[in-house]
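Read through the structure below, which is laid out as structure tokens, and then see the notes.
So that the names make sense, note that chain A is the first sequence line, chain B the second, and so on, each numbered from 1.
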Amino acid sequence: MSELETKTRYDAAEAEPRILRRWLDSGLFHPDPEGTADENYSIAIPPPNVTGALHMGHALNGSIQDTLSRYQRSRGRRVKWILGTDHAGIATQKQVEKQVQAEGTTRKELGREAFVERVWQWREQYGNTIVGQLQRLGASADYDDERFTLDERYAQAVLKVFVDLYNKGLIYRDNRLVNWDPGSQSAISDLEVEEREVVDTLYYVDYKLADSNETITVATVRPETMLADTAIAVNPSDERYAHLIGKTAILPLVGRRLPIIADDYVKPEFGTGALKITPGHDPNDFEIGRRHGLDELTVIGEDGRLTADAGELFAGLSVKAAQEAVIAALREAGALSRTEEYPHVVPFSHRSGARIEPLISLQWFMRMDELAKPAIDAVKDGRVRIHPERWTKVYFDWMEKIHPWCVSRQLWWGHQIPVWYRGEETYVGMTAPEGDGWERDPDVLDTWFSSALWPFATLGWPEQTPELKAFYPTNVLSTARDILFLWVARMIMMGLEFAGDIPFQDVYIHSVIQAPDGRRMSKSLGTGIDPVGEIEQHGADGVRFGLLAMSSSQDVRYSAEKVQQGQQLTNKLWNASRLVLTRIDDDARAAARPRTVEDRWILSRLARTQKMVAECIETFDFSHAVLGLYDFIYGDLCDWYLELVKPRLYEADGGEKDDLAATLLYVLTETLQTAHPVIPFVTEEIWSHVPGSEGLLAARVAGAPGEVDEAAEQSVTAAIAAVQALRGWRDSVGAPAGARIPARIEAAGYDETATHVARLARVELVGAGDGAAGEPVAQVTIPGGVVNVFASDAVDLGAAERKLAERRKTLQAEISRSEGKLSNQGFVAKAPDEVVEAERAKLVALQAELASL
RNA sequence: GGGCGGUUAGCUCAGUUGGUAGAGCACUCGCCUUACAAGCGAGAGGUCGCCGGUUCAAGCCCGGCACCGCCCACCA
């Protein structure tokens, strides 16, 4: 009890680690795999990169998932929050490469085995900082059953999926144009490419015809790729070039003979209407080339330099240098007719930031259209629901025109593709084939290939484990929208295909938290705010509250004030609890035993709040849930109820005291329970001081909310309004704060609250027959009537009169507005009767008040 | 090029089925009232981006425009 008596401020930094320890030691977060997924509740965390540190997005998503998890635990459900990290192929490999380079060596010098070993070491050393940071946030994930996407069991699942898909004909190897990322020296998928606007130069290059003096001019932004040209294309309906179709042009600098072909793809109005075709280095040209059976030449290598096939003049040059050299040569040859600036969007690697180099390359692809169909149906028929709903359309749009997925990556860190080659032979299987001379495919799988299995591979699939039975499908997947296609859509496809069911019922797409100035939060821009620093400063509860309060169905800016608000709430709750707990007996026990109207009122307000919070959490409306909690705790509980019961709390005895203590404890306990999913630390801490409390609040199952009491609410709401009106009047007439002013309530509905109103407004109630009071000097309007205020030294009569005049003016304005409305025949005739009636009643009340002043 | 979101108080954001605008912070005034001065009480502050329409009534519904942001997209 002494801590409660002396600590006037809640000390989150002191309390939180202590409470976290108790939670972790309790085993509460590690449920036994019993029961079925229908009975239980589970969430699979979006696995953060092992290399990563907690950023604001993780902190928000962690707060959301933890609020859901703790809420469901309080409903008595067995809850498993599946935890783990992702090996994050490119990102991790890049980190370690950087480290290795700093030591003066390179990945290639080390060799594959040694390098991969280095990555594992690196992961051991730095890998799990984020898990500790999630704990700091209070995340009630299952730390005793952590997964990594390169775990042995997980890897087996990945290989099995690959082999099965291969056997079904959905995975195949093909020589196709891919997005080559010169930065990471690997192919990447379409989804890892971002378009950026750049200003290039459009070069007009003249190609001579083989058998005439004519020339045909093409426009290109990438003259260096002309070295791999294999045709020129024009639109078949373009009269300017009709006579050239079927003829042959000569490629400048190289001398190659190029057929002039007709293809509808060419836009006559763009450039010159003639297009050079480079199937080896342009996606559109690639398609045209395949249509016309053109050769596919390659002059740019995987290292981003020109190959020997580019000719000795250019071989070995970087793309940029080659462009300059080609332009110089064209200029010298007189083949460059003009140039112009040309702004357009071109692809860049989302991973390395390098400009994408389209290359023809032998890669593994996965056909998606067949898998997409059932995944579309799952959302269409509501088995999977996406919130906010507008994202379902985005999901459908992408899924309905889905393209093959390039799944191989030229990296070392990841799941090595389970394919072996020997001469012309190919073997696909989970283990190496029998016999000598087999060589395994050196490539690894796209990280997202393994992530796509996350909800079931974490639970032991393909074994039919008790975990799988108890927790698959999961209930909710909470994530930011940027990985809707990259991850969420693919999980739905893979879940349906391999685990035989949807991977989750609800997808919640949360806000992206931007920097306070509206820019993206990013380390490189210097706009990031470290959630761990915020936790240290304001407590995990404050940060959780703040993030949830900020979040909505759209992007929001980081609001330090909301975090501050959360921190203040924890302090308020702490102090309110001190007031209650230091003044009731140790043998008091929580029970709703209302004796007064304010008791019935707070129980009603509490019940309302409990229902509201539950509904908001279940519909993913977190900001309203937490702000509603704030209003209840700050407003109803602290500002009013505790102030209303203070006299009883100090002075009552016997049964009255016992009932009050029981009711206060009930209200406090239920408040703690309701707020716990949002602010778990402070509520757990206070719970430990509640007399008779057993075990952890985090493990406590909530009872059903009580009933709403409309009559009590009406009565106390009026009392509150009366107090506020009287306080406002006092202030306006300059009454000293301590002065008690004689007054008489002339209004119905205050039988039970009159003494409260008088005390909180600091007025002295005088009886109706008390002639000594004389004539009232002022009237203060309150719900249902007025309060007559009598002369007192504390009242500045001039100020009182000014106040009255002001009120008259307001009333007159309102009356004329109301009269105008009611004399409008349209309103009276067409508005619903109840609206018209309410307006009439209001007018009568206004007129009565004006007449009384 | 297509699509989606946004534009409400100085700042960050709420505004449920259309019925005379709310919160937090900041600001002003008054209070060390025995839970909390990182507190308590009171107050000031808004032509709801612009134009038009529907309606008795529009922040909310419809059409158009402007600006900001995001996603998708194979015009050299």
Side-chain angles (χ1 to χ4, degrees), chain A residues 4-5 7-10 194-195 200 202-203 218-222 225 233 265-267 269-278 282-288 342 344-345 347 358 388 390-391 393-394 397-398 401 481-482 484-485 512 514 516 518-520 546 549-550 552-562 564-568 571-583 623-624 627 630-631 638-639 642-643 646 649-650 723-724 727-732 734-738 760-762 814 817-818 821 824-832 834-836 838-839 842:
Chain A
L4 278 176
E5 277 157 8
K7 256 166 67 174
T8 62
R9 292 210 66 79
Y10 171 65
E194 63 184 31
E195 305 288 330
D200 276 330
L202 192 57
Y203 298 95
V218 302
T220 177
V221 293
R222 300 211 49 197
T225 64
Y265 169 80
V266 183
K267 305 279 181 293
E269 67 283 0
F270 190 90
T272 63
L275 177 60
K276 75 185 202 50
I277 301 299
T278 321
D282 182 276
N284 301 311
D285 295 7
F286 179 81
E287 295 300 329
I288 294 169
Y342 182 59
H344 65 151
V345 293
R390 65 173 188 272
W391 294 105
K393 185 181 175 305
V394 179
D397 286 350
W398 187 73
K401 50 177 187 184
R481 57 160 193 275
D482 54 343
L484 180 61
F485 308 141
V512 171
Q514 301 170 327
R519 288 190 295 168
R520 214 181 156 66
M550 278 172 237
S552 74
S553 59
Q554 60 176 57
D555 291 354
V556 290
R557 301 179 182 205
Y558 186 76
S559 164
E561 290 79 14
K562 284 282 187 294
Q564 181 74 24
Q565 193 182 347
Q567 185 182 4
Q568 282 168 339
N571 190 242
K572 195 73 176 174
L573 194 53
W574 171 253
N575 277 296
S577 304
R578 291 176 60 223
L579 171 66
V580 173
L581 297 176
T582 57
R583 281 177 174 77
S623 74
H624 286 102
L627 292 171
Y630 179 91
D631 286 344
C638 294
D639 290 348
L642 293 181
E643 295 302 331
K646 267 180 183 174
L649 186 59
Y650 296 148
V723 170
Q724 286 173 328
R727 283 173 177 168
W729 178 82
R730 289 180 63 114
D731 240 34
S732 71
L760 295 177
R762 301 206 173 180
E814 283 184 19
R817 188 161 29 208
S818 186
K821 214 168 173 180
N824 179 342
Q825 282 312 304
F827 174 73
V828 177
K830 295 187 183 176
E834 61 212 55
V835 173
V836 177
E839 193 59 42
K842 191 165 150 192

Between [N] and [M], how far apart are the two [atom1] atoms, rounded to whole Å?
{"N": "B:rA38", "M": "B:rG24", "atom1": "C1'", "answer": "15 Å"}
{"N": "B:rC60", "M": "B:rG49", "atom1": "P", "answer": "8 Å"}
{"N": "B:rC13", "M": "B:rG6", "atom1": "P", "answer": "13 Å"}
{"N": "B:rG10", "M": "B:rU28", "atom1": "C1'", "answer": "14 Å"}
{"N": "B:rU7", "M": "B:rG59", "atom1": "P", "answer": "15 Å"}
{"N": "B:rC11", "M": "B:rC50", "atom1": "P", "answer": "16 Å"}
{"N": "B:rG63", "M": "B:rA26", "atom1": "C1'", "answer": "39 Å"}

Rounded to whole Å, please give me the gap between [atom1] in [X] and [atom2] in [N].
{"X": "A:Leu579", "N": "B:rU34", "atom1": "CG", "atom2": "C1'", "answer": "10 Å"}
{"X": "A:Tyr342", "N": "B:rA76", "atom1": "OH", "atom2": "P", "answer": "4 Å"}
{"X": "A:Leu4", "N": "B:rC36", "atom1": "CG", "atom2": "C1'", "answer": "13 Å"}
{"X": "A:Arg727", "N": "B:rG30", "atom1": "CZ", "atom2": "P", "answer": "18 Å"}
{"X": "A:Asn571", "N": "B:rG39", "atom1": "CG", "atom2": "C1'", "answer": "9 Å"}
{"X": "A:Gln514", "N": "B:rC68", "atom1": "CD", "atom2": "C1'", "answer": "11 Å"}
{"X": "A:Leu484", "N": "B:rC4", "atom1": "CG", "atom2": "C1'", "answer": "13 Å"}
{"X": "A:Arg520", "N": "B:rC70", "atom1": "CZ", "atom2": "C1'", "answer": "10 Å"}

Looking at the base of [N], is there any donor atom on it, or on the side chain of [X], that sits under 3.5 Å from an acceptor on the other one?
{"X": "A:Lys842", "N": "B:rU20", "answer": "yes"}
{"X": "A:Lys821", "N": "B:rA57", "answer": "no"}
{"X": "A:Glu643", "N": "B:rA35", "answer": "yes"}

Can a side chain N or O of [X] be found less than 4.0 Å away from OP1 or OP2 on [N]?
{"X": "A:Lys830", "N": "B:rA57", "answer": "no"}
{"X": "A:Lys562", "N": "B:rA23", "answer": "no"}
{"X": "A:Arg583", "N": "B:rA35", "answer": "yes"}
{"X": "A:Gln568", "N": "B:rC25", "answer": "yes"}
{"X": "A:Arg817", "N": "B:rU20", "answer": "no"}
{"X": "A:Tyr650", "N": "B:rA35", "answer": "yes"}
{"X": "A:His344", "N": "B:rA76", "answer": "yes"}
{"X": "A:Ser559", "N": "B:rG24", "answer": "no"}
{"X": "A:Tyr630", "N": "B:rG24", "answer": "no"}

Identify the heavy atoms of [X] and [Y] that sit nearest to each other, and give their distance.
{"X": "A:Val218", "Y": "A:Thr272", "result": "CA-OG1, 3.7 Å"}
{"X": "A:Lys821", "Y": "A:Phe827", "result": "O-CD2, 3.4 Å"}
{"X": "A:Leu627", "Y": "A:Ala549", "result": "CD2-CB, 4.2 Å"}
{"X": "A:Glu839", "Y": "A:Ser818", "result": "OE2-OG, 2.9 Å"}

Does [X] reach a base, just sugar-phosphate, or nothing at all? Heavy atoms under 4.0 Å.
{"X": "A:Arg730", "value": "nothing"}
{"X": "A:Val221", "value": "sugar-phosphate"}
{"X": "A:Pro736", "value": "nothing"}
{"X": "A:Lys276", "value": "nothing"}
{"X": "A:Gln724", "value": "sugar-phosphate"}
{"X": "A:Ser732", "value": "nothing"}
{"X": "A:Val828", "value": "nothing"}

- Item | Of A:Asp397 and A:Leu202, the one whose closest RNA chain B nucleotide lies more 5' | A:Asp397

Please pick, from [options], the nucleotide with the shortest atom-to-atom distance to any side-chain atom of [X].
{"X": "A:Asp731", "options": "B:rC75, B:rC29, B:rG19", "value": "B:rC29"}
{"X": "A:Phe270", "options": "B:rC36, B:rC75, B:rC13", "value": "B:rC75"}
{"X": "A:Thr8", "options": "B:rG24, B:rG19, B:rC36", "value": "B:rC36"}
{"X": "A:Gln567", "options": "B:rC72, B:rA38, B:rC40", "value": "B:rA38"}

- Is A:Lys267 positioned over the aromatic face of A:Tyr265, cation under 6.0 angstrom from the ring centre and no more than 45 degrees off axis? yes

- Which of parallel (below 30°), tilted (30 to 60°) and perpendicular (above 60°) describes A:Trp574 and A:Tyr10? tilted

- Heavy atoms from other residues, nucleotides or ligands near CZ of A:Arg520 exceed 12 (cutoff 6.0 Å): no

- Can you check whether A:Val512's main-chain N or O pairs, donor with acceptor, with A:Arg481's side chain at less than 3.5 Å? no

